[in-house]
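Below, chain A is the first sequence line, B the second, and so on; all start at residue 1. Any value given below was found using the heavy atoms of this structure, including those in side chains, with hydrogens, waters and symmetry copies removed.
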Amino acid sequence: MEENFYQKVYSIVKKIPRGNVSTYGRIAVLVGVPRAARAVGYALNQLKKSEETEIPWQRVINSRGRISFGGDPVRATLQRKLLEHEGIPFQNDGQIDLKQYGWPDNEN
DNA sequence: ATCGTGACGAACG
DNA sequence: CCGTTCGCCACGA
């Protein structure tokens, strides 16, 4: 059965380990469509509250290591709160060190 | 099938 | 470093 783009995205997001974060672009690559970063964000935007408990959407941020979305400040604040709760520290300017917390680990 | 939209990204200035 | 522009992809009407 062929999974839809959305399903693939959700499937991968669920695999992000606690205490780690990924980016839209990275997810797009894992899905198989490197340039579909926008579509990834679009997919996460479709998540309903009940699904948020199963999908760690908060672990997905932009390539700059920041929470881009400002359309809903409440959600953005919640995201940061959740990440800090998982042990992910934010730098002074609200940026996360992807080198250290990025997933999959690029280090090698 | 075409158009508009959007939690993005890289390139520019 | 910051804001703007253009390109990408998938989805709904």
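- If you measure from atom CD of A:Q46 to atom P of B:dT5, you get 15 Å, rounded to the nearest angstrom.
- Taking every heavy atom of residues 12-24 of chain A and every atom of DNA chain B, pairs under 4.0 Å involve A:Y24, by number.
- Rounding to whole angstrom units, CZ of residue A:R64 and P of B:dA7 are separated by 14 Å.
- Contact check, A:S63 against B:dC8: no side-chain N or O comes under 4.0 Å of OP1 or OP2.
- As rounded to whole Å, 10 Å separates atom P of B:dG9 from atom CG of A:L98.
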Practice prompt. Please step through side chain to side chain contact (heavy atoms under 4.5 Å, CB included) for the pair A:E51 and A:W57, ending with a clear verdict.
Written response: CA-CA 9 Å; A:E51 299 176 289; A:W57 57 275; over 6 Å; no

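- Considering only the side chain of A:F69, B:dA7 comes nearest among C:dA10, B:dG9, B:dA7.
- At whole-Å resolution of the value, OH in A:Y6 and P in C:dA10 are 11 Å apart.
- With rounding to whole Å, A:I27 atom CD1 is found 11 Å from B:dG9 atom P.
- Regarding A:R26, its CZ atom lies at a distance of 10 Å from the P atom of B:dA10, rounded to whole Å.
- Within the 4.5 Å cutoff, no side-chain heavy atoms of A:I61 are placed close to those of A:S68.
- One can place CZ of A:R35 at 14 Å from C1' of B:dA11, the figure rounded to the nearest angstrom.
- For the pair A:R80 and A:F90, the cation sits on the ring face: its NZ or CZ lies under 6.0 Å from the ring centre, inside 45° of the axis.
- Each of A:Y42 and A:I61 has a nearest nucleotide on DNA chain B; the 5'-most of these lies closest to A:Y42.
- A:D105 has its side chain within reach of A:N20: a pair of non-hydrogen atoms, C-beta onward, lies under 4.5 Å apart.
- A:A39 comes within contact range of at least one nucleobase, with a heavy-atom separation under 4.0 Å.
- Between A:Y10 and A:E54, the closest side-chain pair of non-hydrogen atoms is not below 4.5 Å.
- The CZ-C1' distance, from A:R38 to C:dT5, rounds to 12 Å in whole Å.
- Looking at heavy-atom distances under 4.0 Å, A:N62 makes contact with sugar-phosphate atoms alone, never a base.
- Atom CG of A:N92 is surrounded by 12 or fewer heavy atoms from other residues, nucleotides or ligands within 6.0 Å.
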Worksheet entry | Residues A:E86, A:V21; criterion side chain to side chain contact (heavy atoms under 4.5 Å, CB included); working and verdict | CA-CA 10 Å; A:E86 294 184 357; A:V21 296; over 6 Å; no

